[in-house]
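A short worksheet on the structure shown next.
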2 protein chains.
Amino acid sequence: MQSQNISDIIEKYLKSILADAEHVEIRRSEIADLFNVVPSQINYVIKTRFTIQNGYLVESKRGGGGYIRIEKVNLLDDADVLDTLIQVIGDSITQRDAYAVVQSLYEDEVLNRREAQLILVATDRNTLGVDDHDLENSLRARIIIGILNHLRYES
Amino acid sequence: MQSQNISDIIEKYLKSILADAEHVEIRRSEIADLFNVVPSQINYVIKTRFTIQNGYLVESKRGGGGYIRIEKVNLLDDADVLDTLIQVIGDSITQRDAYAVVQSLYEDEVLNRREAQLILVATDRNTLGVDDHDLENSLRARIIIGILNHLRYES
DNA sequence: ATAATGAAAGTCAATATTAGTCAAAGATAA
DNA sequence: TTATCTTTGACTAATATTGACTTTCATTAT
C-alpha cells in the first residue's frame, strides 16, 4: 500500500542491510540495475534520505573499483551532540531536515516520542503558516536551536 | 438527510473503509476518477469532513508515488478543554498570556514539566526573534494552537 | 615517468508525477 | 433573498525520475 515510489523502496533496502551491519558498501551501477533505475537516482536517494541529519555518513570513491559507503553514526558518541546538531542546522532548516534531526534525537533517546512530536508540530509548515519560505526556515531553525540549547541546561 | 451530494458520498466511502482499517491511503486522482469529480474536490472533502476535531489525522506526499493518508485517532477526554483554550487564544497571544496557558495545562497535568518548558522555549520572544510584535504574537498563537490540537488525541 | 584509456561516481537541469491553494461560479438551505 | 455549502479549474508547490555532461581514479600503453 505504501512506498509506491522506487526511491522509498531503495531506501528501505539499504536500511534493511544497515539493520544488521555497521555499514553498507555498494557499487552504484549494481544497485541501479537491481531496481531498474538510472545510476544517478542512487545519488538522489542518498542525498534525500541518508543525510547527516538522518544520522548517516556517506563516503565514496570514483574510478575503477569505485564504491559508495553508507554508515550509520550515533550522535551520542560524538563529544557534543547538541553542538554538532546546532552547527548542522545553522540559521535555516527545511521541514524535511528538521524531521530528520528530531528523529535522530529520538533514536538517540535525547527526546522521548511525545517531546519529538511536540517539536515537529511546533515547527510544522502549516503550524508556522508564513508564506515567506526563508522566514519559515529560519523560524524553524531558531525554534529547534532554542530547544536544543534548553536541553543542555536541564538535568 | 438525503445527503445526495458527491462530497457526502465520498465522505461515506472513505469512512466505510476506515470502519475496518486503521487508516486509508489513497491516490487523489484515483478517487477523483472513481467519483467523477476534479481532484481538488478530494481536498475539499478532507478539509470539511476529516478534521482533527472529528478525530482524523491527515498526511500526504506529492510527487511520484504520492498519496493522501487518513487515520482515525482516539480523541481524549481533554478535547473540549482544549477547544476552549484554542478559542481564547484566537490568532494572537502575548508571551505573558502564553505562560499562563501553559502553566494551567501543567497544573491540570495535561503537560509535564519538561513538555511545558519545551513549549515556553519554542514560543519565547527571543527564540522567535522577529521584530514585528504582531507577527510574534500570531506565530506564538499558531504554535500553541498546533500543539493543543496535537494533544487532543493519543499517538 | 607520462599519456591515454576506461571505469567508476557526481552534478545539474529538464521533465514527469503527484498533491495543495484559492477564488469564482453554481447549488442549496434558511 | 441571502448566507452557506459545493463544485470546478487554473495555477502553484513538492517530490521523483531521467539523462547528458563532468570529474576522479586506476590501469595500461608509450
Side-chain angles (χ1 to χ4, degrees), chain A residues 1-14 24-51 53-54 57-70 93-100 124-137 140, chain B residues 1-14 24-51 54 56-71:
Chain A
M1 193 62 121
Q2 46 202 1
S3 338
Q4 281 310 297
N5 73 68
I6 279 276
S7 291
D8 284 343
I9 294 170
I10 296 171
E11 172 192 5
K12 289 211 173 83
Y13 171 76
L14 294 173
V24 212
E25 194 168 302
I26 63 170
R27 170 150 302 179
R28 190 180 70 156
S29 58
E30 275 180 11
I31 303 298
D33 280 351
L34 188 57
F35 292 98
N36 266 290
V37 298
V38 295
S40 62
Q41 179 145 9
I42 308 306
N43 297 85
Y44 174 74
V45 171
I46 287 172
K47 198 173 165 191
T48 54
R49 291 150 164 88
F50 293 88
T51 66
Q53 288 94 336
N54 287 109
L57 279 186
V58 178
E59 62 179 45
S60 62
K61 200 167 74 166
R62 310 187 192 188
Y67 60 86
I68 299 176
R69 178 193 160 105
I70 305 174
I93 187 171
T94 63
Q95 181 163 344
R96 179 180 208 141
D97 284 344
Y99 185 90
D124 185 270
R125 179 166 30 235
N126 293 313
T127 300
L128 297 176
V130 294
D131 31 353
D132 178 357
H133 260 207
D134 289 342
L135 176 58
E136 176 198 316
N137 289 338
R140 184 177 294 113
Chain B
M1 184 103 303
Q2 282 302 351
S3 49
Q4 281 314 325
N5 73 67
I6 277 278
S7 289
D8 286 340
I9 293 170
I10 296 171
E11 173 192 6
K12 289 207 176 87
Y13 171 76
L14 294 173
V24 212
E25 195 169 301
I26 62 170
R27 171 152 303 178
R28 190 179 70 155
S29 58
E30 275 179 10
I31 302 299
D33 281 351
L34 188 58
F35 292 98
N36 267 289
V37 297
V38 295
S40 63
Q41 180 143 9
I42 308 306
N43 297 85
Y44 174 73
V45 171
I46 287 171
K47 198 174 166 191
T48 55
R49 290 149 163 90
F50 292 87
T51 64
N54 290 324
Y56 296 96
L57 273 190
V58 178
E59 64 176 46
S60 63
K61 196 162 85 165
R62 308 185 195 190
Y67 59 84
I68 299 176
R69 165 199 249 250
I70 306 174
E71 184 183 357

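Residue numbering restarts at 1 for every chain, and letters A, B, ... go by the order of the sequence lines. What you see is a predicted model, and the numbers here were worked out from it, not measured in a lab.
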Greater than 12 external heavy atoms within 6.0 Å of Tyr13(B)'s OH: no
Test log, rule side-chain contact (heavy atoms from CB on, under 4.5 Å), inputs Val37(A) and Ile42(A): CA-CA 8 Å; Val37(A) 298; Ile42(A) 308 306; 4.3 Å; yes
Protein-to-nucleotide contact annotation, 5' to 3' order, nucleotides 14-30 of chain D [B base; S sugar-phosphate only; - none; under 4.0 Å, heavy atom]: BBBBBB---BBBS----
[X] [atom1] - [N] [atom2] separation (whole Å):
| X | N | atom1 | atom2 | answer |
| --- | --- | --- | --- | --- |
| Arg27(A) | dA9(C) | CZ | C1' | 11 Å |
| Tyr67(A) | dG10(C) | OH | C1' | 15 Å |
| Asn43(B) | dC5(D) | CG | C1' | 17 Å |
| Glu59(A) | dA9(C) | CD | C1' | 14 Å |
| Lys47(A) | dA9(C) | NZ | P | 17 Å |
| Ile46(A) | dT11(C) | CD1 | P | 11 Å |
| Ile70(A) | dA9(C) | CD1 | P | 12 Å |
| Ile68(A) | dA8(C) | CD1 | C1' | 10 Å |

With the criterion being N/O to N/O and under 3.5 Å, what pairs connect the protein with nucleotides 26-30 of chain C, and how long is each?
none

Criterion side-chain contact (heavy atoms from CB on, under 4.5 Å) on Ile68(A) and Glu25(A), from CA distance to verdict: CA-CA 6 Å; Ile68(A) 299 176; Glu25(A) 194 168 302; over 6 Å; no
Criterion side chain to side chain donor-acceptor pair (under 3.5 Å) on Asn54(B) and Thr51(B), from CA distance to verdict: CA-CA 5 Å; Asn54(B) 290 324; Thr51(B) 64; 3.2 Å; yes
Expected output: side-chain Arg140(A) to main-chain Ile93(A) donor-acceptor under 3.5 Å: yes
Stepwise side-chain contact (heavy atoms from CB on, under 4.5 Å) check, Leu14(A) with Ile26(A): CA-CA 9 Å; Leu14(A) 294 173; Ile26(A) 63 170; 4.1 Å; yes
pair Ser60(B)-Arg69(B): side-chain heavy atoms closer than 4.5 Å: no
Salt-bridge contact Asp33(B)-Arg27(B) (side-chain N to carboxylate O under 4.0 Å): no
Spacing of Gln4(A) atom CD and Ile9(A) atom CD1 [to the nearest 0.5 Å]: 6.5 Å
Gap between atom CD1 of Ile31(B) and atom CG of Asn36(B) - 0.5 Å precision: 12.5 Å
Sugar-phosphate only, base, or nothing, as touched by Ile42(B) at under 4.0 Å among non-hydrogen atoms: nothing
Within residues 28-35 of chain A: residues closer than 4.0 Å to DNA chain C (heavy atoms): Arg28(A), Ser29(A)
Step-by-step side-chain contact (heavy atoms from CB on, under 4.5 Å) determination, Glu71(B) to Val58(B): CA-CA 6 Å; Glu71(B) 184 183 357; Val58(B) 178; over 6 Å; no
